[in-house]
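Numbering starts at 1 and runs along the sequence shown.
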Amino acid sequence: MFEATLFDSDETAVRPDSVAILDRTAVLLKRSTRPVLIEGHTDNEGTRVYNDALSLMRAEAIANALIARGVPAARIRTRGMAYLQPIASNNTPEGRAQNRRVEIFVTSESTDTLLGRKPLRLDWLPW
């Protein structure tokens, strides 16, 4: 869900008006023990090499902000996606602003991991 513009163009510093978003996100992530993947994204202005680095630095900026708010660093991985997965058109300033984003994924666990494997029932075998 798009909530707010976290980064200005060519910036890795989180915008000051995004502090409340980070606070709420940290509260939710601290309730979980699952691994967290933070992906940074950019608009399509600049080279691929530049945007690879910029997107990774954005992911790391969010990771550091969440760690500062108590989310364990050991649970967090970061990845830069550059401009490869836009969510809006890069043909408008508004679309480019939406593409300058970070997405946070919490890895889910399987039922087997949480509850254990079901024992194999042998009583139905014909022998």
Side-chain angles (χ1 to χ4, degrees):
M1 175 175 93
F2 178 71
E3 192 161 339
T5 302
L6 297 176
F7 302 98
D8 289 325
S9 182
D10 294 324
E11 292 293 327
T12 60
V14 179
R15 291 169 51 131
D17 58 351
S18 299
V19 171
I21 296 167
L22 292 171
D23 291 342
R24 288 192 312 266
T25 302
V27 167
L28 294 175
L29 292 176
K30 288 190 292 185
R31 293 179 185 165
S32 174
T33 59
R34 297 176 179 160
V36 175
L37 172 62
I38 302 174
E39 289 184 348
H41 298 266
T42 65
D43 59 33
N44 68 346
E45 294 183 346
T47 67
R48 170 71 188 274
V49 171
Y50 174 79
N51 281 296
D52 280 338
L54 181 62
S55 62
L56 180 59
M57 288 188 288
R58 286 178 174 169
E60 290 172 349
I62 297 300
N64 290 332
L66 294 172
I67 292 164
R69 288 165 172 77
V71 179
R75 289 181 41 217
I76 298 175
R77 277 188 25 235
T78 57
R79 178 166 61 185
M81 303 302 290
Y83 47 70
L84 299 177
Q85 297 178 348
I87 58 170
S89 171
N90 277 304
N91 295 326
T92 66
E94 296 80 15
R96 287 189 297 276
Q98 288 181 34
N99 289 329
R100 294 189 299 268
R101 70 191 191 282
V102 169
E103 294 179 342
I104 300 172
F105 301 95
V106 179
T107 305
S108 64
E109 295 176 350
S110 70
T111 305
D112 285 350
T113 300
L114 295 174
L115 303 176
R117 287 185 177 250
K118 292 182 181 181
L120 179 61
R121 288 189 52 208
L122 299 176
D123 59 342
W124 64 269
L125 292 175
W127 36 277

For the side chain of S55 and the backbone of T42, is there at least one donor-acceptor N/O pair under 3.5 Å apart?
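No, the answer is negative, given that no donor and acceptor are paired below the 3.5 Å cut-off.
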
Would a distance-only check, ignoring hydrogens and angles, find a side-chain to backbone donor-acceptor pair under 3.5 Å from R96 to E45?
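Checked: no pair found.
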
If I compare all heavy atoms of A59 with all of I38, which pair ends up nearest, and what's the gap?
CB-O, 3.5 Å

Measure the shortest side-chain to side-chain distance between [X] and [Y] over non-hydrogen atoms and say whether it is less than 4.5 angstrom.
| X | Y | value |
| --- | --- | --- |
| R101 | M81 | no |
| R100 | E11 | no |
| T107 | L37 | no |
| I87 | H41 | no |
| V14 | I21 | no |

[atom1] of [X] to [atom2] of [Y]: how many Å apart, nearest 0.5 Å?
| X | Y | atom1 | atom2 | answer |
| --- | --- | --- | --- | --- |
| I76 | N64 | CD1 | CG | 8.5 Å |
| E60 | I67 | CD | CD1 | 9.5 Å |
| L66 | L29 | CG | CG | 6.0 Å |

Under 4.5 Å between side-chain heavy atoms, counting indirect links through other Ile/Leu/Val/Met/Phe/Trp/Tyr residues: same cluster for [X] and [Y] or not?
| X | Y | answer |
| --- | --- | --- |
| L56 | V102 | no |
| M57 | Y83 | no |
| I62 | V71 | yes |

For V106 and L28, run side chain to side chain contact (heavy atoms under 4.5 Å, CB included): C-alpha distance rounded to whole Å, both residues' side-chain angles, the deciding distance at 0.1 Å, then the answer.
CA-CA 10 Å; V106 179; L28 294 175; over 6 Å; no

According to salt bridge (Lys or Arg N to Asp or Glu O under 4.0 Å), who are the partners of D23, at least two apart in sequence or on a separate chain?
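Per chain and number, D23 pairs via salt bridge (Lys or Arg N to Asp or Glu O under 4.0 Å) with R69.
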
Check each of N90, D43, N44 against N99 using the side-chain hydrogen bond (donor to acceptor under 3.5 Å, both in side chains) test, and report the only one that passes.
N90

